[in-house]
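The structure presented is a predicted model; accordingly, all values stated were derived computationally and were not measured. Count residues from 1 along the sequence.
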Amino acid sequence: ASGSCWGLSIPLFVMKATAVASLGGVLFGYDAGIIAGALPEVTQDFSLSNQEEEWAVGILYLSAGFGAALGGVLCDALGRKSAILLTDIIFVLAAILLCSAPNVAQFMVGRVVVGFGISLSAIADVSYLHEIAPQKWRGAIVSVNEACISLGFLIAFAFGVIWDHTPHGWRYMFGVSGLLGIAQFIGMLAMPESPVWLSQKGKQEESREALRQINGRIIPSEEILSAPSEAQTNNKSEESKHSTNLDTTNLVIIEDAQDAITSHTPQEARTYETSILRMLGDKCNSFFHVIVQYRYQCCIALFLSMIAHFCGQVSVLSYAPLIFSQLDDSKFSITIWIGAVKFLTTVVVICSIEYRGRRYLLLSGMFVIVIGQFLVAFAFSIGNAIEGDTTDSAMICGFIGILVVVLGFSMSFGPLNWVVISEIFPDSIRGRALGASTVMTYLCASLVTSTFLSMEKAIGARNIFFLYGLITLGALVVVMIAIPETGRKSPEEIDEVIRQMWLWNKFQRREIVDGNEPVDKALQSSPAQSNSLQVHDAELT
């Protein structure tokens, strides 16, 4: 927590605040990972079918997808500290629902509630950590949250082992989440609100007091307030300040116009209606042009959000005990190894990301995932582990394969996805890009986890993991030809190197060969559209 691997000396209070806020990361990992240990007993107690097992896992990510769409709004409206306190209440409520669930219906409701909680927690915790940290320590402090997510998985797997043979042990497993939520809630009560959020709300005195409490002295506000715009929080708050969220803006415009329409003549009413429609059309048109201008970045963000879960790692984390159910008493010990590998690898990657580079780690990790998935597929082909007839060689091969998959994910998609996505977009649209990517990530996780058992029954476990390997292999090729190194570059420099990548360069050449003017030049050639784009690009902050 002191950031020694980064060679930094962080103020004691900042370390305390980081430890308390990062409990949200532990909660995130714990609630996402505990289902692996609890699912077999839940299935037995409630006599779940394959489809119900899939929903018990996947509904959390589906709920998290919808929660991510609302998380930014709640963080801006309530404040970062208040949003974290709200997530703690949600975690406690979810724990009560899950612990006391007398039937499948209440259990599913509890999973929905906890899904919403982890999505809001992910946004609130990271925003708070970004905004309490002085700029020179921000990278180290925010990285702690990513490590804590992996630590949460490890703790979840450990409790899965501890309560494996305890009657109704799964209820205790979910109950731990509530205790962690209570611990963070108590700790956050002594923490200050984000000075950035307070300043943006016009509470300058409270903001200065928060800065004094965090740093032990009054420091220039710019040291704290400048960087969050690079981390999307300024984007969100400025968006709220200027009312540029399209839905909110349109509602305000329509409400004001309706008042005007009712108090004017029919002719004047028609004039107002025409003005409203023209304004809405201009906003939609300019927003479209922003998407077109950054179309390659949008494709990269969408691709990374999807492939992170289509590589199959989320299924490994969620169904590991079921995959190795023939190991009897040692099946949950495997999950301990998975959690340990995930946590240790994440810590090592966080410490070396600047040295090794994003692209190198992403490509290396994906190659490792491919090897791991093919090893697991090979294990099922020689031992048929889930169906029976398990051999020692098959189980050893499958065990190593799953550890390799987790190792590859933890050195690539796990810590790097959000880093790369945040770096390829300019400040003006980074917040919306990260929000959309988060929603897509959770929806893809829900799709993969809620179809795993059905696919296993339909095509066999061997073919599922072989398919995961092929998907990751194809994605590896795409990364090689479409995603450049993004470290230590400005969004403008990244945009230039993206266009030089083979795939996007081909698209640009095709536009020229077909006799069409490149989209970017077409946009720039129209003064009206260019002005509209610049204005809207600024408004999006």
Side-chain angles (χ1 to χ4, degrees), residues 24-39 42-43 46 48 51-75 77-78 83-101 103-127 149 152-153 156 170-171 173-178 180-181 184 305-306 308-310 313-315 317-319 417-418 434-454:
V26 177
L27 275 162
F28 183 114
Y30 185 88
D31 282 313
I34 195 60
I35 192 65
L39 187 59
V42 173
T43 301
F46 292 146
L48 299 182
Q51 288 72 28
E52 288 172 329
E53 287 184 78
E54 291 172 337
W55 273 108
V57 177
I59 200 170
L60 178 140
Y61 296 105
L62 183 62
S63 173
F66 289 106
L70 301 174
V73 176
L74 289 174
C75 283
L78 301 176
I84 292 175
L85 293 174
L86 175 60
T87 63
D88 294 329
I89 295 173
I90 291 174
F91 283 129
V92 173
L93 174 61
I96 293 173
L97 287 171
L98 290 167
C99 284
S100 62
N103 50 48
V104 177
Q106 182 171 318
F107 180 84
M108 293 297 185
V109 171
R111 293 288 287 172
V112 169
V113 173
V114 79
F116 185 85
I118 67 171
S119 62
L120 178 57
S121 174
I123 297 171
D125 293 330
V126 172
S127 296
I149 293 175
F153 274 99
W170 62 270
R171 298 185 186 273
M173 297 180 199
F174 288 115
V176 171
S177 176
L180 291 173
Q184 188 184 37
S305 299
M306 296 175 63
H309 293 296
F310 288 146
Q313 190 259 3
V314 67
S315 293
L317 293 181
S318 301
Y319 296 106
N417 256 28
W418 303 118
L434 285 170
S437 298
T438 302
V439 172
M440 180 58 67
T441 294
Y442 286 131
L443 293 180
C444 289
S446 177
L447 176 63
V448 172
T449 54
S450 61
T451 57
F452 176 79
L453 295 179
S454 297

Query raised in the report: Are the side chain of Arg111 and the backbone N or O of Leu60 linked by a donor-acceptor pair below 3.5 Å?
Result: no
Query - Check: Ser450 side chain, Trp55 main-chain N or O, donor-acceptor pair, under 3.5 Å - result: no
Query - Any residue meeting side-chain hydrogen bond (donor to acceptor under 3.5 Å, both in side chains) with Glu53, in chain and number order, not counting sequence neighbours - result: Thr43
**Report entry** Ser437 backbone acceptor or donor facing Thr441 side chain under 3.5 Å
**Finding:** yes
**Report entry** Rounded distance [0.5 Å steps], OG1 in Thr87 versus CG in Leu74
**Finding:** 11.0 Å
Report summary line: Shortest non-hydrogen pair, Gly33 vs Ala156, comes out as C-CB, 3.8 Å
Query raised in the report: Judged by atom type as modelled, is there a donor-acceptor pair below 3.5 Å linking the side chain of Gln313 to the main-chain atoms of Ala308?
Result: no
Query raised in the report: Is a side-chain N or O of Ser63 found less than 3.5 angstrom from the main chain of Phe116, in a donor-acceptor match?
Result: yes
Query raised in the report: Just how far is it from atom CD of Glu54 to atom CG of Leu48, taken to the nearest 0.5 Å?
Result: 11.5 Å
Query raised in the report: Do you know which two heavy atoms are closest between Ile35 and Phe174, and how far apart they sit?
Result: CD1-CZ, 4.2 Å
Query raised in the report: Can you tell me how far the OH atom of Tyr61 sits from the OG atom of Ser119, to the nearest 0.5 Å?
Result: 12.5 Å
Report task. Assess whether atom CZ of Phe66 is packed by more than 12 heavy atoms of other residues, nucleotides or ligands within 6.0 Å. Result -> no
Requested in this report: Report yes if the side chains of Ile118 and Phe91 come closer than 4.5 Å at any heavy-atom pair, otherwise no.
Outcome: yes
Report summary line: Output for pair (Leu39 CG, Ile34 CD1), nearest 0.5 Å, gives 11.5 Å
Query raised in the report: Which atom pair, heavy atoms only, marks the closest approach of Leu97 to Val113?
Result: CD1-CG2, 4.0 Å
Query raised in the report: Do you know which two heavy atoms are closest between Gly58 and Thr449, and how far apart they sit?
Result: CA-OG1, 3.1 Å
**Report entry** pair Cys75-Leu120: side-chain heavy atoms closer than 4.5 Å
**Finding:** yes
